[in-house]
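A quick note: this is a predicted structure, and the numbers were derived from the prediction, not measured.
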Amino acid sequence: MTTTNAPTENLTGPIGTTPDDVVPQAHTNGAAPHALLRAGFPYYATLGMRRVTTYCMDIAIGDEDRLYVLCRDDGPAGNAIRKINWDDEDLGTIGKSGTGEGQLVWPVTLIRDGGENLYVSDEGLHRISAFRRDGTFIGHWGSHGAEPGQLNRPSGITFDADENVWVADTMNHRVQQFTRDGRFLLTFGRHGSGDGEFDMPWGIAVDRAGDVYVADWRNDRVQKFSPDGRFLVQFGRTGSGDGEFNRPAGLTVDGDGDIYVADRGNNRVQLFDRTGRYVEQFIGDATLSKSGRTYVLANPKVLRMREMNTLEQQKRFRGPAAVRLDAEGRMYVPDFGSHRIQVYKKEAYPLTPEEIWPEQAAPTLYTV
């Protein structure tokens, strides 16, 4: 693979640290449970607002309440990583629009490593760029093409436990694996709709066992593979019903083995268990964020317009492209069309085989 200004320094944190996408949920004690008592998954908070988290594509969860929001805007705000925190403060940006060093054209996915360095996939420049958390540009790698190790509009990226980078190589209709500094390791997949084939894959995630999940955008499904690329299972089909998709985008897997998919064309996030069984959906429940309240209260015209409008649709997701989980069980959904991040909080309790009946052929739920 031809690399361009590939990072040559060690981008990882201390031995044993793990990137945010593969951190186990706190309530699992680091191991996927036999089963779960699902007590609820209520709305928790809204962060960000237009002019700050403008057209937010993705989010990476930093340490000490730092949050990094990937914004994709062709207008004055430009493409950048916006830094905010849980007090909803604007802490500045990393990167900017352009084709040069440390610049972005069509950024899609944002991830962090154990040292809180940030990696961005850029489908417009066919490359992956890396930044320090203070905004210093480290380098980028990737070249446009269809040979092994080359990229054609890469979208989803994720780390595995060894901090290798998995890339959804969208227009090459395949998945590729690289070291964090861009050295090619393996590839699998081809164009099609059969098992192990792709039609513009977008989202990608790796679970604790190293298995790889891919949101197959134009096939409206999720596929699961072994770490060496062997097809295991798929779920989903085109539609708007439970477990159906209309252009699935980003996805993630938590420490319970639950699978979260940003069902972008249906304006929702769907939750599946580790077998691919549909559990529930999230359609958006936003309130005004702290920064949003400050802005609205300072603008009499905006206040009057809000007073005149119905609020039901303003709560809902509009084109969410990603979904992320943190170690506290909080689910972050970048609400692309509404320029904000909606947060939910998972409440689930692990069960042992002795605490729950064996699986039934025809389950029936009784309310007690």
Side-chain angles (χ1 to χ4, degrees), residues 1-13 19-21 48 51-63 66-85 89-145 149-159 163-170 176 178-184 250 321-322 324 334 336:
M1 173 181 175
T2 301
T3 59
T4 305
N5 193 25
T8 57
E9 56 192 302
N10 183 1
L11 301 183
T12 61
D20 64 295
D21 338 35
R51 299 176 181 83
V52 180
T53 52
T54 308
Y55 292 115
C56 43
M57 287 289 294
D58 202 356
I59 185 169
I61 297 96
D63 301 331
R66 288 184 291 271
L67 299 169
Y68 305 93
V69 183
L70 182 62
C71 300
R72 177 171 171 168
D73 183 23
D74 294 331
N79 300 304
I81 301 169
R82 178 71 66 171
K83 297 184 290 185
I84 62 172
N85 58 20
E89 296 172 317
D90 179 5
L91 304 177
T93 59
I94 297 171
K96 62 181 181 179
S97 293
T99 61
E101 303 291 286
Q103 296 180 337
L104 306 167
V105 172
W106 294 337
V108 181
T109 302
L110 174 66
I111 58 175
R112 57 156 288 191
D113 67 13
E116 210 169 326
N117 299 301
L118 305 170
Y119 295 70
V120 182
S121 63
D122 191 327
E123 64 172 326
L125 295 174
H126 313 286
R127 70 189 187 193
I128 312 299
S129 294
F131 302 84
R132 294 192 186 281
R133 75 181 192 199
D134 65 2
T136 303
F137 174 64
I138 299 173
H140 59 243
W141 48 265
S143 63
H144 187 204
Q150 293 183 315
L151 301 171
N152 188 357
R153 292 183 62 181
S155 52
I157 56 175
T158 192
F159 284 113
E163 292 200 338
N164 293 316
V165 182
W166 292 83
V167 181
D169 188 8
T170 302
Q176 299 200 75
F178 300 85
T179 63
R180 61 186 176 273
D181 58 358
R183 180 170 57 85
F184 171 72
R324 299 292 182 184
F336 178 84

### Task
Kindly determine whether Leu70 and Ile59 satisfy side-chain contact (heavy atoms from CB on, under 4.5 Å), including the steps that lead there.
CA-CA 6 Å; Leu70 182 62; Ile59 185 169; over 6 Å; no

### Message
With rounding to the nearest 0.5 angstrom, report the OG1 to CH2 distance, Thr158 to Trp166.
### Response
10.5 Å

### Query
Quick one: are Phe131 and Thr136 in side-chain contact, heavy atoms under 4.5 Å?
no

### Check: Arg127 side chain, Asp122 main-chain N or O, donor-acceptor pair, under 3.5 Å
no

### Query
If only atom types and distance count, is the side chain of Asn152 paired as donor or acceptor with the main-chain N or O of Asp169 below 3.5 Å?
no

### Task
Find the distance between CH2 (Trp106) and OG (Ser97) and round it off to the nearest 0.5 Å.
12.5 Å

### Task
Please check if the side chain of Thr109 supplies one atom and the backbone of Ser121 the other of a donor-acceptor pair under 3.5 Å.
no

### Which atom of Arg82 lies closest to which atom of Val52, heavy atoms considered
NE-O, 3.0 Å

### Query
Taking the side chain as C-beta and beyond, is there a heavy-atom pair between Arg324 and Ile111 under 4.5 Å?
yes

### Query
Thinking salt bridges, do Asp58 and Arg72 make one under a 4.0 Å N-O criterion?
no

### Message
Ignoring hydrogens, what is the shortest heavy-atom contact between Val120 and Leu110? Give both atom names and the distance.
### Response
CG2-CD1, 3.7 Å

### Task
Supply the atom-to-atom distance Leu118 CG to Ile81 CD1, rounded to the nearest 0.5 angstrom.
5.0 Å

### Query
Short question: side chain of Glu163, backbone of Gly114 - any donor-acceptor pair under 3.5 Å?
yes

### Task
Mind listing the closest non-hydrogen atom pair of Arg180 and Tyr119 along with its distance?
O-CE2, 3.7 Å

### side-chain contact (heavy atoms from CB on, under 4.5 Å) assessment of Asn79 paired with Met57
CA-CA 10 Å; Asn79 300 304; Met57 287 289 294; over 6 Å; no

### Summary
So OH of Tyr68 and OG1 of Thr93: to nearest 0.5 Å the spacing works out to 13.0 Å

### Task
Report the relative orientation of the aromatic rings in His126 and His144; use parallel for angles under 30°, tilted for 30 to 60°, perpendicular for over 60°.
parallel

### Message
Just verifying a value: how many Å separate Leu125 CG and Gln103 CD, rounded to the nearest 0.5 Å?
### Response
9.0 Å

### Message
For Val69 versus Cys56, what's the shortest heavy-atom pair and its separation?
### Response
CG1-CB, 3.5 Å

### Message
For a side-chain contact (heavy atoms from CB on, under 4.5 Å) check, start with the C-alpha distance between Thr170 and Glu123, then their side-chain angles and the critical distance, and finish with the verdict.
### Response
CA-CA 9 Å; Thr170 302; Glu123 64 172 326; 6.0 Å; no

### Query
If you look at every heavy atom in Thr53 and Gly48, which pair is closest and at what distance?
OG1-CA, 3.4 Å

### Message
Below 30° counts as parallel, above 60° as perpendicular, anything between as tilted: where do the rings of Trp141 and Phe178 land?
### Response
tilted

### Query
Are any non-hydrogen side-chain atoms of Gln176 and Gln150 less than 4.5 angstrom apart?
no

### Message
For the backbone of Val108 and the side chain of Ser155, can you confirm whether one donor and one acceptor N or O come within less than 3.5 Å of each other?
### Response
no

### Message
Using every non-hydrogen atom in the two residues, find where Asp113 and Gly115 come nearest and quote the distance to one decimal.
### Response
OD1-N, 2.9 Å

### Query
Measuring from Asn164:CG to Asp181:CG, what's the distance to the nearest 0.5 Å?
9.5 Å

